[in-house]
Amino acid sequence: MGNWCTCSDQRIDVEGRIAFLKTELKITDAQMPVWNAVADAIRAAPKDVSGMPCIPMMQSSGTLPERLAAREKAMTAHLEALRKLRSAVEPLYVALSDDQKKTADQLMIGPMGMGTM
């Protein structure tokens, strides 16, 4: 399990969130292959941005150009993680029933693409 960034209040229980989403979405056996790709993307997101400082930490030290460069680097890492997640979610979304889609639309938002993730 990883942190979305190094701020202690940003800790995310990735495996717990994956289990919660799988249960809430009522993923079927037939949907497991596309679900597994989404779960892998969720697991990878914190690793993709590991070591990136939180925005408050970036604003507190260094020169303005250094802080802007650090923020750009962090945002780029987050964007890449989001792109990977989106490419995994799209095939899953197609495979979901209408009821599952409604649930997904309510749960799957935020930094990791899932709830408050």
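All heavy atoms count here, side chains included; hydrogens, waters and symmetry mates do not.
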Can you list everything that forms a side chain to side chain donor-acceptor pair (under 3.5 Å) with [X]? Sequence neighbours excluded, please.
{"X": "T103", "value": "none"}
{"X": "T28", "value": "Q31"}
{"X": "E66", "value": "T63"}

Same cluster for F20 and Y93 if Ile/Leu/Val/Met/Phe/Trp/Tyr side chains link at under 4.5 Å?
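Shared cluster, yes.
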
Applying a strict under-4.5 Å side-chain criterion to I, L, V, M, F, W and Y, I'd like to know whether V34 and M32 cluster together.
yes

Which salt bridge (Lys or Arg N to Asp or Glu O under 4.0 Å) pairs, counting each pair once, include a residue from residues 88-103, with sequence neighbours left out?
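Residue pairs passing salt bridge (Lys or Arg N to Asp or Glu O under 4.0 Å), neighbours aside: R86-E90.
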
Members other than V94 in its cluster, when Ile, Leu, Val, Met, Phe, Trp, Tyr link by side-chain heavy atoms under 4.5 Å?
none

Apart from L68 itself, which Ile, Leu, Val, Met, Phe, Trp or Tyr residues share its cluster (side-chain heavy atoms under 4.5 Å, direct or through members)?
L64

Using the rule given for side chain to side chain contact (heavy atoms under 4.5 Å, CB included), can you reason through L96 versus W35, listing the C-alpha separation, both sets of side-chain angles and the distance that settles it, and then say yes or no?
CA-CA 10 Å; L96 296 176; W35 167 254; over 6 Å; no

Enter the distance from L85:CG to E80:CD here, rounded to the nearest 0.5 Å.
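Those atoms lie 12.5 Å apart.
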
Atom CG of N36 and atom NZ of K22: how far apart are they, to the nearest 0.5 Å?
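One finds 7.0 Å between CG of N36 and NZ of K22.
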
Distance-minimising heavy-atom pair for V14 and R43:
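Scanning both residues completely, I find the closest heavy atoms to be CG1-CA, 3.8 Å.
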
Residue pair V38 / L21, side-chain heavy-atom distance below 4.5 Å
no

